[in-house]
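Because the structure is predicted, anything quoted here is derived from the model rather than measured. First listed ligand is number 1; within each ligand, the first listed atom is number 1.
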Amino acid sequence: MRLPDGVQRRSFDGDEALATRGEPVYGEPTDGAWRRWNPRRSKLAAVLDRGVDTGLEGDETVLYLGAAAGTTVSHVADFAGPTYAVEFAARPARDLLEAAAPRPNLFPLLKDARRPDSYAHVVEPVDVVVQDVATRGQAQVALRNRQFLRDDGRLLLSVKARSEDVTADPAAVFDEVLAALTDGYEVLSTARLSPLHDDHLAVVARPD
Ligand code: SAM
């Protein structure tokens, strides 16, 4: 499967790994201007590494929900266009601001992704919503943010089963989340991310 423009497989100390071009953020290995994008630390990297068809070509406008300290979203901003990064916890958001400093296309928003009305005045229509909030109500967050997605856009969702219910069978949780998503999305593909990310399901969907 084709990688987005701006994402390459490169060798780091003899290991082939995904890489993007940009300022290092979290002490990751570099090779000239390229920085290693570790699939163990990033669900989106795991998805791309596995060859899932995300539809990403590079240069898209992105809304990223659950940006944390900026590990993954900084790589996204390296190959994408304008990238809006929503994170509601103040502590990781400080590191996110640092990751954004050398990236003029990365816009951190200290906001709650369950309340898109609070950032609707800032975010333009986007080609891609990436969601990794790891919190209860993951389908609802995706549905509430569907309003930003262009008709031909893509939702790239990472569902963490234990965030919905620590005791339930992950497969049952995934079924529930996928059923709830049909209120606004057509699911195109799914992939379990074990063993890199246990009990996580990657979902590619489009607005319905
Ligand atoms: N995506 C990040 C990465 O790969 O670098 C890791 C994200 S971490 C698994 C989940 C993040 O989602 C946490 O930083 C948490 O504070 C944030 N989060 C959870 N619920 C949220 C919400 N309703 N609005 C915004 N951020 C939220």
request  = Compute the minimum heavy-atom distance from K111 to ligand 1 and say whether it is under 4.0 Å.
outcome  = yes

inquiry  = Just to confirm my output: which protein heavy-atom neighbour is closest to atom 18 (N) of ligand 1, and how far is it?
reply    = F88 CE2, 3.5 Å

Backbone of E23 reached by a side-chain donor or acceptor of R35 within 3.5 Å = yes

query = Charged N to carboxylate O below 4.0 Å: is that the case for D78 and R103?
reply = yes

ask   = Given S118, A93, P116, A113, which one has a non-hydrogen atom that is nearest to atom 24 (N) of ligand 1?
value = A113

inquiry  = Within the 4.0 Å heavy-atom shell around K43, which atoms of ligand 1 are there?
reply    = 9 (C)

task = Go through ligand 1 atom by atom and flag the ones less than 4.0 Å from a non-hydrogen atom of A89.
result = 16 (O)

ask   = Looking at D112, which atoms of ligand 1 are within less than 4.0 Å of one of its heavy atoms?
value = 22 (C), 23 (N), 24 (N)

request  = Before accepting this row, confirm whether a basic side-chain N of the pair D49/R9 lies closer than 4.0 Å to the acidic partner's carboxylate O.
outcome  = yes

query = Do the non-hydrogen side-chain atoms of R206 and L188 ever get within less than 4.5 Å of each other?
reply = yes

task = Would you check whether G66 has a nitrogen or oxygen atom less than 3.5 angstrom from a nitrogen or oxygen atom of ligand 1?
result = yes

query = Any idea how W37 and F79 line up, ring-wise: parallel (<30°), tilted (30 to 60°), or perpendicular (>60°)?
reply = tilted

query = Under 4.0 Å between a Lys/Arg side-chain N and an Asp/Glu carboxylate O for R2 and D5?
reply = yes

ask   = Can you list the atoms of ligand 1 that are under 4.0 Å from a heavy atom of Y64?
value = 1 (N), 2 (C), 3 (C), 4 (O)

request  = State whether the number of non-hydrogen atoms from other residues, nucleotides or ligands found under 6.0 Å of E186 atom CD is greater than 12.
outcome  = yes

message = Quiz question: by atom type and distance under 3.5 Å, do the side chains of Q131 and Y64 form a donor-acceptor pair?
response = no

query = What's the shortest distance from atom 15 (C) of ligand 1 to any protein heavy atom, and which residue and atom give it?
reply = E87 OE2, 3.5 Å

Nearest non-hydrogen protein atom, atom 6 (C) of ligand 1 = D132 OD2, 3.4 Å

key: Within-shell test, R115 vs ligand 1, heavy atom, strictly < 4.0 Å   = no

ask   = Which heavy atom of the protein is the closest neighbour of atom 19 (C) of ligand 1, given with residue, atom name and distance?
value = V133 O, 3.1 Å

query = Are the side chain of T83 and the backbone of G81 linked by a donor-acceptor contact shorter than 3.5 Å?
reply = yes

key: Ligand-side contact atoms (ligand 1) for residue partner T135, heavy atom cut-off under 4.0 Å   = 20 (N)

ask   = Of all the non-hydrogen atoms in the protein, which one sits nearest to atom 3 (C) of ligand 1, and at what distance?
value = T72 OG1, 3.3 Å

